[in-house]
Amino acid sequence: MHLPSFIETQVLIIGGGVTGTALARDLALRGVDCILVERDDINAGASGRNHGLLHSGARYVAGDRDAAMECRAESDILKRVAAQAIQDTGGFFVAVQGDDERYIADFPAHCARSGIAARAVDVAGARALEPALSEATIAVFEVPDASIDPFRLSLESLAQARSLGARVMRRTRVTGFEREGRRIRAVRVQRGNGGNEVRIVASQVVNAAGAWAREVAQQAGVPIAMTYSKGTLLVTHTRLAGRAVNRLRRPGNGDILMPGGTVSILGTTSTRVDTLDDIQATAAEADLLVEEGARMLPALATMRYVRAYAGVRPLLGSSGAADSRAVSRGFALFDHEEDGLDNLATITGGKLTTCRLMAERAADLVCRRLGVTRPCLTATTLLPVDAASVWTGAGFSARDWMHSHHADDALLCECEMVPGSAVDAIVAGLRAAGDTPTLTDIGLRSRVGKGACQGGFCAVRTVAHLYQQGDFEARRGLAEILDFFGERWRGQRAVLWGEQLAQAELTEALHCGLFGEELRGAALIDVSAPAAPHGAANADPAGEAAP
Amino acid sequence: MTSGRGNSCDVAVIGAGMAGMAAALFAAERGLSCIQVGSGGGILFASGLLDLLGVHPVAEGRLWRSPYAALAALAREQPGHPLARVDPGAIRTAFESFVAALGEAGLAYAPLRGRNRSVLTALGTLKTTFGVPLSMVAGANLLEAPGGRQPCLLVDFRGLREFSARQIAATLGDRWPGLRCQRIDFPGFEAVPELYAAHLARALESGETRERTIALIQPLLGDAHAVGLPAVLGLGHSRAVHAAFEAGLGLPVFEIPTMPTSVPGLRLLGALERVMAARGVRRRHLSSVRALARNGNPGTMTLELDGVPGGERLSARAVVLATGRFSGRGLTADRGGVRESLLGLPVQQPASREAWHQRDFLDPSGHAINRAGLRIDAAWRPLDASGQPAMPRLYAVGSILAGQDWMRAKCGSGLAIATAWAAMEQVADHLGGAGAG
Ligand SMILES: Cc1cc2nc3c(=O)[nH]c(=O)nc-3n(C[C@H](O)[C@H](O)[C@H](O)COP(=O)(O)OP(=O)(O)OC[C@H]3O[C@@H](n4cnc5c(N)ncnc54)[C@H](O)[C@@H]3O)c2cc1C
Ligand SMILES: Cc1cc2nc3c(=O)[nH]c(=O)nc-3n(C[C@H](O)[C@H](O)[C@H](O)COP(=O)(O)OP(=O)(O)OC[C@H]3O[C@@H](n4cnc5c(N)ncnc54)[C@H](O)[C@@H]3O)c2cc1C
């Protein structure tokens, strides 16, 4: 496909996380034309690597009252307008023997001060509701925490933005800015891996690149003071608690266990990192989480874990603070006017919970600069359901399939109940947006690869299905499987012991032992053919290039 | 030696994977009385292909046409590898005798020709292997035909989700232009969305279903010189089913191994069970060994079994540990490290969990954890912490052994069969002439 050397729009949004996608929707609802560019895929950054906790604010009542109140207000709004992405599980704050009694005693008053409804629950009653809680539990409060599916939120925000004319360019990375006086004249982006370069000419540019916002701003010659904090999370094999369970103490490691469909997610850690390259969960972090989490929920010590992943939080402000949890987790909107630019803004920091508000503030600034007077509509307009985006949640897949199952619609993944029709819907959605779907794209938009087998079985079926539907041709399936396992594997290394190690071994026996995928191109060579490039006695390598 | 009775035997084999089966077979062939404990193991997942050694060195992904040449290189370059400890002549004998036993039990293999073959997989890759079931060999023959690859038809069944003929044809298309594909409805299962290979295999043992299937394929043949199908051509009677397809279609027909649970794995397990019965191996296939100890009575060991009401005790003069790795349950890993599951034998392993796995799943050099395992002495006896044999008559075989990566080296069955053969030679030696009570 030949792209024009430049594309014009009113607003260019850089970054397709929850903030950028919320911004695209906000602007589109105000009738502003925009393009969103995302280096990788939607929610490839922190937005796809978080806890999925829609904070009531209770976690921040002691340390950061503003953040607490912001969370309270925003979680109320999202529960109204984006109900399909939220499970109103409620949350417990739980203290165990040895936890700071002062903190526990002050907690209800702190919550009250921030307007957060916290109700004391007697320990026996709480343990009846959540039997996994430790016998050493000494205090429990109930708060209006909930669970939110950030993939669904972003995908449906974008789907609506798109329906209103917004354009989305995935796998498109910002590589440079052309400045002219106090304005950015054009932004250079590169499409795909080594693809062509395109210039985007926009009246306003918003940098919503999350932890990468510093890098992006730097390309425009603008400094942002930012450090990074890496957080690791573990996914359990089965769900341990129905509510969001928080440790009732000053925020620390392994404090939160979130329900996520059929699994629980344990997190997080918080470690300063200096670079954003190759962020992976480590064995030591997994150990730390298991040990800390088990103090509140002892079964976590013997639980089977299927996955570990790590995300990076941008921390704004001083880089000297010793504890990265003490640095502000509030968000920041930079107008960059003091930096000498009138059409660039950066919106970063904050939380998943506050992404709508962050987008509203950024959109307000942009609209003011554009002279657009229409008000923000996202706090009151319901987020429409999008057929291609409903497959991200575990519970949904099962429910929907049971209702609509018919003879032609086989399940591709039995653990997570993903039927072929789901894959078809996702493919159709991507194609409608002008994209070429990959197996990894399908993984992000569905539960394929998310169950115990981590794709060992369902990825093979999904690829077979895609060939059958004519979506894949030639040797594409092999290449896609390699990519997909690469991505899935990053999340497995840290939790491979016990049962999950046995599962990984079986996957390897199949994919290497039988299919020989690690041999890449050599897996297509016939060793016995006389024409093969090796002699009878000391046969030698396969000698052909990888596909 | 005498044939043991009741609960005592010359050799108790713990494990019923490929290694345990081979060990029990070779024990019986040497006239040792044998009891085997354990259920099916990895065989149910296996493809039916018997690898000997396909890749060496693993890090280079080098494929070998001759497994024996590969073994020689392995012996030179990696003398600690368990396969390198077995005499190549013995490996040849062991394979011949293993394949012959399967043949007697109704599972025929193509004659072993001292060289590796390539077999088409469900992913469209070519697998380098050694022993090829007769039902799959036409595909290998077609691949290596001197005059170039002849036109071939691949057929699959709607609903068999892990097998797409179209995928295979697309993947190999540029190297095999005459490869075509067709999808048909499996007779009698037209309204079923999800088909399972084992159900189809059983259905094809009925003459009527077979005839209807053949009739559906017949008009699709065109210029095909052979027909490839997913491996579903019968279970216990696969030979007859395969022959009926070849006769009905008038062409060579070959099976392509599928994802687990695989029909060839089921057949292999069934055949091995028949072999065990025919050779008088007593099986405790519902039991597992809970404890193993040396007996007061010098020269014997006691095995305590779980799995049957009230448990059971066995007495054996020698014990072969063929309990496999993590999925077989022979090794146990927790966050702190790896240990051998039954006796807590020391396991050679990386220093920390962070070093168990590479950062890339398909890293060419493989994962360090897969080379962890039991260390043994020259007589195949696992060592204790002091470096001495843990027990005088305890032997270890198969994938539990350290210093190998069977998944990357394509040597799974080879490792099982060769080490079982070599260890049994030691067992026979050590037990001398006297039989069990
Ligand atoms: C471990 C962890 C747990 C968390 N848990 C919670 C929680 O439970 N609840 C909660 O409310 N919040 C949570 N958060 C915070 C929340 O995840 C983030 O605040 C939120 O996801 C940030 O979204 P974003 O869109 O601003 O940034 P991101 O999601 O990081 O998006 C930035 C995007 O920009 C793209 N990009 C980068 N550079 C370029 C470029 N040059 N060109 C184009 N695109 C580019 C990236 O690929 C990325 O997709 C957590 C964060 C972490 C790290
Ligand atoms: C997916 C897959 C694909 C394969 N493909 C091929 C292939 O293409 N070619 C090939 O040659 N081979 C293949 N194999 C088979 C492979 O050769 C063997 O599985 C492997 O060598 C391991 O065999 P093993 O007997 O050492 O261990 P396992 O097969 O793991 O057997 C261990 C046995 O020990 C038993 N056990 C463990 N503890 C106890 C106890 N306490 N008491 C009693 N019993 C116990 C288990 O129940 C089991 O029966 C494949 C295997 C798998 C899993």
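Worth saying up front: this structure is predicted, and the values here are computed from it rather than measured. Order of the sequence lines sets the chain letters (A, B, ...), proteins ahead of strands, with each chain counted from 1.
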## Note on the structure
The reported gap from CZ in B:Phe326 to CD in A:Glu499 (rounded to nearest 0.5 angstrom) is 12.0 Å
### Message
Are the side chains of B:Phe45 and A:Leu506 in contact, using a 4.5 Å heavy-atom criterion?
### Response
yes
### Message
Check whether B:Arg161 reaches the backbone of A:His465 with its side chain - one donor and one acceptor, N or O, closer than 3.5 Å.
### Response
no
#### Entry: B:Thr258, part contacting chain A, at a heavy-atom distance under 4.5 Å
backbone
### Task
Determine yes or no for a side-chain-to-main-chain donor-acceptor pair under 3.5 angstrom, with A:Glu518 supplying the side chain and B:Pro364 the backbone.
no
### Task
Can you tell which part of B:Arg325 gets under 4.5 Å to a heavy atom of chain A, answering side chain, backbone, both or neither?
both
### Task
Would you confirm whether A:Arg493, through its side chain, and B:Gln358, through its main-chain N or O, come within 3.5 Å as a donor-acceptor pair?
yes
### Query
Rounded to the nearest 0.5 Å, how far apart are CG of A:Leu519 and CG of B:Leu362?
9.5 Å
### Message
side chain to side chain donor-acceptor pair (under 3.5 Å), that's the test. Do B:Asn370 and A:Glu505 meet it? Break it down for me.
### Response
CA-CA 8 Å; B:Asn370 292 334; A:Glu505 188 183 64; over 6 Å; no
### Query
Minimum heavy-atom separation for A:Leu510 to B:Pro260, with atom names?
CD1-CD, 3.4 Å
#### Entry: Selection from A:Leu514, A:Leu412, A:Leu482 maximising heavy-atom pairs under 4.5 Å formed with chain B
A:Leu514
### Query
Is any NZ, NE, NH1 or NH2 atom of the basic residue among B:Asp360 and A:Arg490 found under 4.0 Å from an Asp or Glu carboxylate oxygen of the other?
no
### Message
How long is the straight-line distance from CZ of B:Phe163 back to CZ of A:Arg461, given to the nearest 0.5 Å?
### Response
14.5 Å
### Task
Report the distance from atom CZ of A:Phe472 to atom CZ of B:Arg166, rounding to the nearest 0.5 Å.
12.5 Å
### Task
Output the option from B:Leu126, B:Ile168, B:Leu331 having the highest count of non-hydrogen pairs under 4.5 Å with chain A.
B:Leu126
### Query
Can a salt bridge be assigned to the pair A:Arg475 and B:Asp174 using a cut-off of 4.0 Å between side-chain N and carboxylate O?
yes
### Task
Measure distances from B:Val119 to the heavy atoms of chain A and classify the residue's part below 4.5 Å as side chain, backbone, both or neither.
neither
### Query
Is there a side-chain contact between A:Asp409 and B:Pro193, using heavy atoms and a 4.5 Å cut-off?
no
### Task
Please flag which part of A:Ile481 lies under 4.5 Å from any non-hydrogen atom of chain B: side chain, backbone, both or neither.
side chain
### Query
Donor-acceptor pair, B:Arg175 side chain versus A:Leu524 backbone, under 3.5 Å?
yes
### Query
Among A:Arg488, A:Glu517, A:His511, which has the most heavy-atom pairs under 4.5 Å with chain B?
A:Glu517
### Task
For A:Glu473, look at atom CD and say whether over 12 heavy atoms of other residues, nucleotides or ligands are found less than 6.0 Å away.
no
### Message
Out of A:Gly516, A:Gly470, A:Ala286, return the one with the most heavy atom pairs under 4.5 angstrom to chain B.
### Response
A:Gly470
### Task
Pick one of side chain, backbone, both or neither for A:Val463, based on which atoms fall under 4.5 Å of a heavy atom in chain B.
both
### Task
Kindly indicate whether the side chain of B:Glu162, heavy atoms from C-beta on, has any atom under 4.5 Å from the side chain of A:Phe457.
no
### Query
If you tally heavy-atom pairs under 4.5 Å against chain A, which of B:Thr171, B:Val338, B:Asp156, B:Asp334 wins?
B:Thr171
### Message
Any side-chain to backbone donor/acceptor pair from B:Lys127 onto A:Gly513? Under 3.5 Å, distance only.
### Response
yes
### Task
Would you give the length of the straight line joining atom CG of A:Leu496 to atom CH2 of B:Trp356, rounded to the nearest 0.5 angstrom?
8.5 Å
### Query
Just by distance, do the side chain of A:Gln468 and the backbone of B:Ser164 share a donor-acceptor pair under 3.5 Å?
no
### Query
Would you say B:Ser327's side chain and A:Ala502's backbone share a donor-acceptor pair under 3.5 angstrom?
no
### Among B:Arg183, B:Glu354, B:Arg329, B:Arg359, residue most engaged with chain A (heavy-atom pairs, under 4.5 Å)
B:Arg359
### Query
Of the listed residues (A:Leu466, A:Thr282, A:Thr462), which shares the most heavy-atom pairs with chain B below a 4.5 Å separation?
A:Thr282
### Message
Could you measure the distance from the CD1 atom of A:Ile525 to the CZ atom of B:Arg65? Nearest 0.5 Å is fine.
### Response
13.5 Å
### Query
Going by the angle between their ring planes, with limits at 30° and 60°, are A:Trp489 and B:His357 parallel, tilted or perpendicular?
perpendicular
### Task
Check whether any side-chain heavy atom of B:Phe361 lies under 4.5 Å from a side-chain heavy atom of A:Gln492, and answer yes or no.
no
### Query
Can you tell me if B:Thr125 uses its side chain to pair, donor with acceptor, with the backbone of A:Phe515 under 3.5 Å?
yes
### Query
In terms of heavy-atom proximity below 4.5 Å to chain B, should A:Gln500 be classed as side chain, backbone, both, or neither?
neither
### Query
Considering only heavy atoms from C-beta outward, does the side chain of A:Asp526 approach that of B:Arg117 to under 4.5 Å?
no
